[in-house]
Amino acid sequence: MSGYEARFRVWRGDQGGGALEDFAVEVNEGEVVLDIIHRLQATQAPDLAVRWNCKAGKCGSCSAEINGRPRLMCMTRMSVFTREETVTVTPLRAFPVVRDLVTDVGFNYAKAREVPAFVPPAGVGPGEYRMTQEDVDRSQEFRKCIECFLCQDTCHVVRDHEENKPAFAGPRFLMRVAELDMHPLDAAAGTGLDRARAAQDEHGLGYCNITKCCTEVCPEGIRITDNALIPLKERAVDRKYDPLVWLGSKIRRRRES
Amino acid sequence: MSVVERQEWDVVVVGAGGAGLRAAIEARERGARTAVICKSLFGKAHTVMAEGGIAAAMGNANERDDWTVHFRDTLRGGKFLNQWRMAELHAKEAPDRVWELETWGALFDRTKDGRISQRNFGGHEYPRLAHVGDRTGLELIRTLQQRIVALQQEDHRRTGAYESRLKVFQECTVTRVLKDGSRVCGVFAYERESGRFFVLEAPAVVIATGGIGKSFKVTSNSWEYTGDGHALALLAGAPLLNMEFVQFHPTGMVWPPSVKGILVTESVRGDGGVLRNSDGERFMFDYVPDVFKEKYAESEAEADRWYDDPDRNRRPPELLPRDEVARAINSEVKAGRGSPHGGVFLDVSTRMPAETVKRRLPSMYHQFKELADVDITAEAMEVGPTCHYVMGGVAVDSDTAAARGVPGLYAAGEVAGGMHGSNRLGGNSLSDLLVFGRRAGWHAAEYALGGERPRVAEEDVGSAAAEALRPFSAEAGAGAGAGAAGAADRAGGPPENPYALHQELQQTMNDLVGIIRREAEMEQALEKLAELRVRARRAGVEGHRQFNPGWHLALDLRNMLLVSECVARAALERTESRGGHTREDHAAMDRRWRNVNLLCRLTDPTDGLAATDPVRGQITLDRETTDPVRPDLLALFEQEELAKYLADEELYR
């Protein structure tokens with residue numbers, strides 16, 4: 001397969017405003033969207049701002065919206081588009097723009113600080129931790145998270161609702177609460193902290209109406225809604241008082257059948 | 001020029017990978033107000049790319065393992081050039097550093113009896129790597145990140161502010177370590193987002209910036225790996241040690257071109273993957289060097305039995321140290337027995353069931369599926385060597401991580417030299433970060449809290465700012481207020497594109513100072529580097545200072561050029577082959593070089609015109625004889641084995 005010239009539209013601008021800019025740019029076999037953005041930097045727009053690091057889907061830096069869908073640029077192959085298609089790349093919509101494709105993701109770091117840390121069990125020294133694989137499996141799934149914040153970006157609770165941000169931690173950090181809640185040796189309960197209850201009362205779990213948008217965009221394939229959020233809801237409140245939990249469990253069952 | 005903002009801290013840590021974060025945690029816990037500066041977002045450092053695991057002789061998988069075995073393996077892997085005291089501390093302290101992570105919430109894969117599971121890796125006698133699938137680096141970075149957040153929560157409870165005693169300055173780049181006389185007094189940095197300059201004043205600075213891979217074309221390293229810390233230390237007057245040793249990881253992706261160099265974890269081989277050439281041969285059996293002959297299987301049958309019965313069989317040669325495997329792959333491809341895209345085949349599909357592959361190597365499965373359309377449970381991967389790690393680095397004191405000759409400067413992790421000798425074993429990097437990150441943070445805090453605070457001179461801040469702004473004046477038309485230096489540079493030719501210069505540099509290092517080295521080529525590389533240095537002064541950028549990647553690259557070029565010259569000069573000087581330094585014209589390891597360190601120093605600390613002279617260059621090289629290995633450590637080896645490495649006078653002293 002030989003190279004071809006693709007049409008790209010990239011949002012350029014800053015807090016003051018901006019617009020989509022058109023580019024015609026070379027594409028070669030096997031390339032991903034991030035390669036094309038880099039080619040634009042090297043040949044046509046040297047000051048085009050973009051975040052990236054590992055280029056292998058492991059660090060979660062190069063998040064953006066490609067044709068309106070939140071994705072990692074390094075894991076979006078050009079072969080998923082036709083040659084005729086114009087590829088539109090815009091910054092994450094849920095966060096304030098800094099410049100071009102770079103957004104201010106400070107919201108996420110603020111939310112991370114609001115989740116109380118792991119509480120080590122008293123009387124169990126370093127080297128004495130014993131946990132079975134089955135017991136760590138659940139939390140390990142959540143620790144696959146690369147903090148790309150695509151789930152935070154897509155979640156409709158905050159995507160177009162700035163006013164919900166103070167009260168809502170977002171899927172990533174509700175999942176963090178679930179991860180600690182399911183950690184076999186977390187001793188938070190002994191300090192009077194009920195993590196599931198806190199998820200509900202302090203991190204806005206109640207805002208989530210389990211539309212599973214977060215799960216759909218997760219590049220790590222973590223089943224955020226089914227494995228973290230719903231179980232957390234079930235533990236947080238008696239299920240009969242939350243019709244959404246009931247509904248969620250039905251949907252889940254149907255999918256699995 | 002406007003006044004540059006200043007803040008006072010006790011310890012400044014440059015870099016937020018495993019070493020930097022571990023140093024910051026330690027410094028803060030010992031009472032020092034600590035600032036961390038990193039180029040990326042907090043939690044994105046290159047450490048996340050580490051896949052296989054953390055080497056620590058916990059003895060969970062084989063109870064015969066202990067620190068002495070780990071120490072021996074590390075010295076063999078490094079071909080006995082390691083700073084032996086570092087290797088000793090590393091082997092002794094690594095288990096504590098791993099266990100400590102569990103108390104901060106890390107969740108490693110488990111053994112049947114609930115302890116931390118350990119896997120096999122190249123050069124390690126027993127299964128030794130604590131791991132989480134093949135995403136161990138992510139677990140490490142996240143655990144340290146969350147530990148930092150936990151300390152900030154503690155500070156918030158106590159002082160009402162999260163960042164009162166431990167603050168992360170993310171997406172900021174340090175361009176100079178500042179000094180007051182001979183002592184460190186802080187750093188000069190800019191915010192990548194706004195381009196704003198600022199100074200952090202501190203009596204102690206820990207450099208933990210990682211490696212130099214971005215000076216090479218084919219590399220597993222991210223954009224951050226531009227040798228910043230190596231250059232900062234050099235510019236601050238500290239020497240770099242043994243920079244000729246660069247590790248080419250044997251297995252990087254070779255296709256498609258856009259992902260060429262991305263790492264394929266060694267766990268693939270540790271868990272049973274085998275290397276084959278285009279004739280279908282397991283060629284590694286032909287490449288077991290004499291020093292390792294007794295320790296590796298001679299037949300496929302024996303190698304295959306080893307996975308289940310390691311006590312009565314020898315390990316497969318696919319698990320030789322990385323330098324050996326990389327050279328072997330290189331030779332096979334050169335001999336015309338390579339794969340279609342210029343690598344060799346790495347196969348797990350015929351070695352274990354698809355489900356096992358997906359469970360043990362989930363991110364490799366994902367990576368090949370998504371990026372190369374290859375299903376590794378059904379077909380072989382194509383792999384080839386990729387620039388992965390630099391063993392050379394800042395010369396440090398083994399116990400304190402203090403840089404030589406510059407009070408207040410510390411270095412830990414990949415940027416520090418010595419620990420791995422001429423070649424690093426897989427898994428020894430994550431443990432290195434933790435062991436020496438902690439030691440650097442500890443001693444930096446002690447030093448910073450122990451004495452009088454130094455002073456940052458206004459004129460030093462001014463010249464650091466002028467240096468950082470230079471790429472913008474290169475862009476302006478002749479005589480447009482850019483100053484005399486700018487005008488003189490432009491007289492030498494048109495403005496240069498920093499991206500184009502970077503590509504030329506990468507091609508030069510890859511082709512001329514790569515995996516196999518020759519005298520004439522390295523001389524040619526030095527000529528080319530001199531030319532690039534002159535042209536880099538004209539590297540101009542457009543636009544403004546707000547998140548401008550062209551400007552950032554123009555500034556990083558200074559560091560890459562400095563470090564590349566160190567690699568080329570040291571490689572030219574060392575007339576033998578050892579570990580991550582292979583000379584075609586001096587193909588054998590030479591015992592007389594065993595106790596020789598090569599030290600690179602800045603020729604002209606004022607960074608003057610020497611830079612334009614290809615013969616003199618910017619770097620002066622010195623030889624030194626290493627300290628003799630302590631007798632009780634030597635006694636851990638058989639005399640017969642030592643004789644392969646040590647010169648006679650070292651053996652019979």
Side-chain angles (χ1 to χ4, degrees), chain A residues 14 28-32 34-35 41-43 46-61 74-75 77 79 98-100 102 104-105 109 112-113 115-118 120 124-133 135-136 139-140 143-147 180 183 185-186 220-221, chain B residues 40-44 46 48-49 58 95-96 99-100 102-105 107 109-110 113-115 117 132-133 135 137-139 142 146-147 149-150 152-153 156 162 193 222-224 255-259 262-263 363 366-367 370-372 497-500 541-544 546-551:
Chain A
D14 55 27
N28 301 307
E29 185 179 11
E31 287 183 332
V32 294
L34 184 60
D35 292 317
Q41 273 186 341
T43 58
D47 59 343
L48 171 61
V50 60
R51 273 197 190 103
W52 67 287
N53 256 41
C54 76
K55 226 178 154 290
K58 292 194 172 68
C59 76
S61 299
C74 73
M75 296 303 279
R77 297 187 71 187
S79 58
V98 172
R99 208 159 82 78
D100 303 339
V102 176
D104 176 358
V105 291
Y109 289 92
R113 279 180 182 161
V115 179
F118 172 71
V124 187
E128 295 170 1
Y129 283 40
R130 297 289 179 273
M131 298 175 263
T132 66
Q133 186 59 47
D135 287 341
V136 300
S139 294
Q140 275 189 335
R143 290 183 73 83
K144 277 160 54 184
C145 171
I146 57 173
E147 298 203 332
L180 290 163
H183 189 301
L185 291 179
D186 178 57
E220 287 295 303
Chain B
S40 284
L41 290 171
F42 183 28
K44 305 296 183 198
H46 201 52
V48 303
M49 292 294 283
M58 297 183 284
D96 287 335
W99 287 323
E100 172 178 79
E102 284 199 305
T103 70
W104 297 341
L107 287 174
D109 290 349
R110 318 305 299 180
D113 64 352
R115 292 182 295 167
S117 167
V132 186
R135 57 161 190 88
L138 175 67
E139 186 68 14
R142 201 64 82 227
Q146 288 164 350
R147 176 63 184 161
V149 169
Q152 290 177 327
Q153 289 170 342
H156 182 251
Y162 284 110
E193 186 176 315
S222 83
W223 67 267
E224 293 196 279
W255 191 92
S258 69
V259 297
I262 289 181
L263 190 66
S363 52
H366 190 65
Q367 182 174 313
E370 298 283 325
L371 295 175
N497 175 342
Y499 294 98
V541 290
E542 292 171 23
H544 40 72
Q546 195 192 22
F547 222 115
N548 186 335
W551 177 43

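Just the heavy atoms: all of them, side chains too, but no hydrogens, waters or symmetry mates, feed the values below. Here is how names work: the chains are called A, B, and so on, in the same order as the sequence lines, proteins then strands, and each is numbered from 1.
Distance check: S61(A) OG to I146(A) CD1 gives 8.5 Å after rounding to the nearest 0.5 Å. Distance check: C54(A) SG to L263(B) CG gives 11.0 Å after rounding to the nearest 0.5 Å. Separation of atoms CZ (F547(B)) and CZ (R51(A)) is listed at 5.5 Å; rounding is to 0.5 Å.
Using a 4.5 Å cut-off between heavy atoms, D14(A) contacts chain B through its side chain alone, with no backbone atom that close. Contacts between A372(B) and chain A at a heavy-atom distance below 4.5 Å involve the backbone alone (N, CA, C, O). Within the 4.5 angstrom heavy-atom criterion, no atom of L180(A) approaches chain B. Contact of R115(B) with chain A is made through backbone and side chain together, with heavy-atom distances under 4.5 Å. For R77(A), the part lying under 4.5 angstrom from a heavy atom of chain B is the side chain only. Looking at V105(A), only its side chain comes within 4.5 Å of chain B, counting heavy atoms on both sides. A112(A) touches chain B through its backbone: at least one of N, CA, C or O sits under 4.5 Å from a heavy atom, while the side chain does not. Looking at V102(A), only its side chain comes within 4.5 Å of chain B, counting heavy atoms on both sides. For R113(A), the parts lying near chain B are the backbone and the side chain together; criterion is any non-hydrogen pair under 4.5 Å. Both the backbone and the side chain of L371(B) come within contact range of chain A, each with at least one heavy atom under 4.5 Å from a heavy atom of that chain. Contacts between Q546(B) and chain A at a heavy-atom distance below 4.5 Å involve backbone atoms as well as side-chain atoms.
Considering only heavy atoms from C-beta on, T103(B) comes within 4.5 Å of Y129(A) through its side chain. Using a 4.5 Å cut-off on side-chain heavy atoms (C-beta onward), R135(B) and Q140(A) make contact. Using a 4.5 Å heavy-atom cutoff, the side chains of V541(B) and P46(A) are not in contact. Residues E224(B) and S40(B) have side chains in contact (heavy-atom distance under 4.5 Å, counting atoms from C-beta outward).
Comparing D96(B), D109(B), I262(B) by how many heavy-atom pairs each has under 4.5 Å with chain A, the most go to D109(B). Contacts with chain B were tallied for E220(A), E128(A), K144(A), E147(A); E147(A) has the most, counting heavy-atom pairs under 4.5 Å. With chain A as the partner, the residue from Q367(B), E193(B), E100(B) showing the most heavy-atom pairs under 4.5 Å is E193(B). Annotation: maximal heavy-atom pairing with chain B below 4.5 Å, among V50(A), D35(A), N53(A), D186(A), occurs at N53(A). Ranked by heavy-atom pairs under 4.5 Å with chain A, the first of F42(B), W104(B), Y162(B) is Y162(B). For the set M49(B), Q146(B), H366(B), the count of heavy-atom pairs under 4.5 angstrom toward chain A peaks at Q146(B). When each of P116(A), G57(A), G221(A), G125(A) is checked for heavy-atom pairs under 4.5 Å with chain B, P116(A) comes out on top. Of the listed residues N548(B), L107(B), V48(B), V149(B), the one with more heavy-atom pairs under 4.5 angstrom with chain A than any other is L107(B). Ranked by heavy-atom pairs under 4.5 Å with chain B, the list K55(A), Q133(A), E31(A), M75(A) is led by Q133(A). In terms of heavy-atom pairs under 4.5 angstrom with chain A, the leader among S258(B), G550(B), P256(B) is S258(B).
In this structure, L138(B) and R143(A) approach most closely via the heavy-atom pair CD2-O, 3.8 Å.
The ring pair (Phe, Tyr, Trp, His ring centres under 6.0 Å) check on F118(A) picks up H183(A), with sequence neighbours excluded. In this structure, the ring pair (Phe, Tyr, Trp, His ring centres under 6.0 Å) partners of W255(B), at least two apart in sequence or on a different chain, are H341(B).
Ion pair R110(B)/E102(B) flagged as a salt bridge, since at least one NZ, NE, NH1 or NH2 atom sits closer than 4.0 Å to an Asp/Glu carboxylate oxygen.
Using a distance-only test at 3.5 Å, with no hydrogens or angles considered, no donor-acceptor pair links the side chain of K58(A) to the main chain of H46(B). The main-chain N or O of C74(A) is never found under 3.5 Å from a side-chain atom of W52(A) such that the two would form a donor-acceptor pair.
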